[in-house]
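Okay, structure first, notes after.
For the single chain, residues carry numbers from 1 onward in sequence order. No hydrogens, no waters, no symmetry mates; every other heavy atom, side chains included, goes into these values.
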Amino acid sequence: MARTRSETTPLEQPVDQRVKKPRGRAASRPFPHQSFEEALELASAIQRLAGSNAVRRLTLFHELNKSPESGPSRQAVVSAGRYGLIKGGVQSETLQLTPDGDVATSTDVSARERQRSRIKLAIDTTDIFRTLYEQLQGQKLPSPAIMEDAVVSFGLPEHNKKECVELFVINLRYVGLLQTLSGAERILTVDHALDQIPSTSAQTLSPTTIMTESKPLVVHSEAHFDRLCFFIGPIGDAGSEYRQHSDLMLETLVRPALDGFGIEVKRADEIQDPGIITKQIFEYLLKARLVVADLSYHNPNVFYELAIRHARNLPVVQMIRKADRIPFDVNQTRTIVVDTTDLYSFVPKIDTYKAEISSHIRRAMEDPASADNPFSALVGEHQPRVNGH
């Protein structure tokens, strides 16, 4: 029995929106044979030899020390053409970069402009890649099985699904659309990926350029912050001990503990808004409904951010790893101690830690006016008296 529209899975589309099936020899494979990175190598060679001008195919492969008639060489030409990098085919006398291919391989354009062109060619020029990306952008990377079911529902033959998904993921990662954030691989929006790339070389930036290139801080509504928990902690560089710890705390304990409260948790590196990052952090510290602070490793930035939150006397949930001492200035606030000594100490207590964090969150949200900290207590003692009281 056919399913109704409401019964389709999130990654499926109505038949009239499915990827168009190519005709002829490509009918069973509506995607290139090679990754975009492999195809880009050929286009980059054309850029080095001829720039935006045409180059003789035989000359190109002679310079690459490859046979122009070999299977890999012919496949490179076909793939570069299908990605929209070049004009000309395996029988053409000359090959030439397309306008987009020229930008994607040029060193005369900004890194952001070059990457935007590469994203367009790696994903948008292949219907099935574009359709899958439109469904998944902004989300965690699903399992391969889910994506394989999706591309089959889009009209791809069953026997091509595994290769198609593998190539899609490889292309996403190469052009920066797939990155590890908060311990999970996430498919970024194009704007988010490009915002991490300077639009101008650092050497050419002047104060005037910085003023004109900077984007204004996004102004969020009160409703946005009313549904937000800001997680502060030692982030560190990707792959560092700090990052691994922070990812573990956020994804294994804090995010699951917030399930059912109707609020979203964000860490500083997950803020996608344009603007100066420090201003964004201040805004989140001062306006978020809740802050969860991980005091592990005694990171000075965390205590600075915690002090800002304390100054506003807003709800905070504190946590720290067992290996660290709770500093005197904040040890009067109840703090969740997490034993991360080893796998055997941590794993059996995961549910207990989540329950404890949930309990603290619930109390903080039910009675935000009761938020208390050393700073607010001191300020309260020195409030000016009115009429002698």
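Within a 6.0 Å radius of CG in Asp237, no more than 12 heavy atoms belonging to other residues, nucleotides or ligands are found. At most 12 non-hydrogen atoms from other residues, nucleotides or ligands lie less than 6.0 angstrom from CD of Glu93. In the displayed structure, His62 atom NE2 is contacted under 6.0 Å by at most 12 heavy atoms of other residues, nucleotides or ligands.
Put simply, the side chain of Asp339 reaches to within 4.5 Å of the side chain of Tyr353, judged on heavy atoms. Residues Arg186 and Gln179 fail the side-chain proximity criterion, which asks for heavy atoms closer than 4.5 Å. With a 4.5 Å cut-off on side-chain heavy atoms, Met147 and Leu136 count as touching. When side chains are defined from C-beta on, Phe31 counts as touching Leu167, because their heavy atoms get closer than 4.5 Å. No side-chain heavy atom of Ser110 sits under 4.5 Å from any side-chain heavy atom of Gln115. Put simply, the side chain of Thr252 reaches to within 4.5 Å of the side chain of Ile350, judged on heavy atoms. In this structure the side chain of Val317 reaches within 4.5 angstrom of the side chain of Ile336, judged on heavy atoms. In this structure, the side chains of Leu250 and Arg267 come closer than 4.5 Å at one or more pairs of heavy atoms.
Val151 and Cys164 get closest at one heavy-atom pair: CG1-SG, 4.3 Å. Across Ile308 and Phe282, no two heavy atoms sit closer than the pair CD1-CE2, 3.2 Å. In terms of heavy-atom proximity, Ile357 sits nearest to Ala257 at CG2-CB, 3.7 Å. The two residues Leu40 and Ala104 make their nearest non-hydrogen contact at CD1-O, 4.3 Å. The two residues Lys87 and Leu97 have their closest heavy-atom pair at CE-O, 3.9 Å. Here the closest non-hydrogen pair linking Thr98 and Gly84 is OG1-O, 2.6 Å.
We find that Glu113 and Arg116 are not joined by a salt bridge, their nearest charged nitrogen and carboxylate oxygen being 4.0 Å or further apart. For Glu63 and Arg48, the salt-bridge test fails: no basic side-chain N is under 4.0 Å from an acidic carboxylate O. Under the 4.0 Å criterion applied to side-chain N and carboxylate O atoms, Arg255 and Glu264 are not assigned as salt-bridge partners. Glu185 and Lys140 are not joined by a salt bridge, as no carboxylate oxygen comes within less than 4.0 angstrom of a charged side-chain nitrogen. Checked for salt-bridge contact, Glu166 and Lys162 meet the test: a charged N lies under 4.0 Å from a carboxylate O.
The aromatic rings of Tyr174 and Phe36 sit tilted relative to each other, their planes meeting at an angle between 30° and 60°.
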Practice item. I would like to know whether Ile232 and Leu285 meet side-chain contact (heavy atoms from CB on, under 4.5 Å); could you show each step before the answer? Key: CA-CA 9 Å; Ile232 60 176; Leu285 288 171; 4.0 Å; yes

Exercise for review: Could you please spell out the steps behind the side-chain contact (heavy atoms from CB on, under 4.5 Å) verdict for Tyr304 and Ile281?
Suggested key: CA-CA 11 Å; Tyr304 176 72; Ile281 291 174; over 6 Å; no

**Study point:** Evaluation steps, side chain to side chain donor-acceptor pair (under 3.5 Å), between Asp294 and Ser296
**Key:** CA-CA 6 Å; Asp294 182 6; Ser296 302; 2.6 Å; yes

Point to revise | Step-by-step side-chain contact (heavy atoms from CB on, under 4.5 Å) determination, Met365 to Arg362 | key: CA-CA 5 Å; Met365 292 178 62; Arg362 184 173 292 103; over 6 Å; no

Practice item. Take Glu38 and Ser35 through the test side chain to side chain donor-acceptor pair (under 3.5 Å) and record every step on the way to the result. Key: CA-CA 5 Å; Glu38 293 173 298; Ser35 70; 3.2 Å; yes

Review point. Do Gln96 and Asn53 pass the side chain to side chain donor-acceptor pair (under 3.5 Å) test, and can you show the C-alpha distance, the side-chain angles, and the key distance before you say yes or no?
Key: CA-CA 6 Å; Gln96 184 175 5; Asn53 299 316; 5.5 Å; no

**Study point:** Worked check of side-chain contact (heavy atoms from CB on, under 4.5 Å) between Leu60 and Lys66
**Key:** CA-CA 9 Å; Leu60 173 65; Lys66 296 180 180 179; over 6 Å; no

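Separation of atoms CG (Leu177) and CD1 (Ile119) is listed at 4.5 Å; rounding is to 0.5 Å. Atoms CD and CZ, on Gln135 and Arg130 in that order, are 12.0 Å from each other to the nearest 0.5 Å. The structure places CZ of Arg289 at 9.5 Å from CZ of Phe261, a figure rounded to the nearest 0.5 Å. Atoms CZ and CD1, from Arg334 and Ile326 in turn, are 11.5 Å apart once rounded to the nearest 0.5 Å. Between atom CD1 of residue Ile86 and atom CG of residue Leu95 there is a gap of 5.0 Å, rounded to the nearest 0.5 Å. Rounding to the nearest 0.5 angstrom, the gap separating the CG atom in Leu42 from the CD atom in Gln34 is 9.0 Å.
At least one donor-acceptor pair closer than 3.5 Å links the side chain of Arg309 to the backbone N or O of Pro315. Using modelled atom types, one side-chain atom of His298 and one backbone atom of Arg325 make a donor-acceptor pair closer than 3.5 Å. Put simply, the side chain of Arg114 gets close to the backbone of Ser106: a donor and an acceptor are under 3.5 Å apart. Counting only distance, with no hydrogens or angles, the side chain of Ser70 and the backbone of Ser67 share a donor-acceptor pair below 3.5 Å. Between the side chain of Thr131 and the backbone N or O of Asp127 there is at least one donor-acceptor pair closer than 3.5 Å. Not one N or O on the side chain of Ser345 forms a donor-acceptor pair closer than 3.5 Å with the backbone of Thr341. Counting only distance, with no hydrogens or angles, the side chain of Ser246 and the backbone of Arg243 share no donor-acceptor pair below 3.5 Å. In this structure a side-chain-to-backbone donor-acceptor pair under 3.5 Å is missing from Ser359 to Ala355. Not a single donor-acceptor pair under 3.5 Å links the side chain of Thr335 to the backbone N or O of Met319. Without hydrogens or angle criteria, Arg57 side chain to Ser92 main chain gives a donor-acceptor distance under 3.5 Å.
Hydrophobic clustering keeps Tyr297 apart from Val292 (ILVMFWY residues linked when any side-chain heavy atoms are closer than 4.5 Å, directly or through intermediates). Cluster membership for Phe230 and Ile235, using ILVMFWY side-chain heavy atoms within less than 4.5 angstrom, is not shared. A single hydrophobic cluster is not seen to contain both Leu58 and Val77; linkage of ILVMFWY side chains at heavy-atom distances under 4.5 Å, directly or through other members, places them apart. By the rule that hydrophobic residues join a cluster once side-chain heavy atoms approach within less than 4.5 Å of another member, Leu258 and Leu248 end up as members of one cluster. Hydrophobic clustering (side-chain heavy atoms under 4.5 Å, transitive across Ile, Leu, Val, Met, Phe, Trp, Tyr) keeps Ile170 apart from Leu156.
Taking the six-membered ring for Trp and the full ring otherwise, the centers of Tyr284 and Phe225 sit less than 6.0 Å from each other.
The side chain to side chain donor-acceptor pair (under 3.5 Å) test with Tyr83 is passed by exactly one of Thr126, Asn171, Thr125: Asn171.
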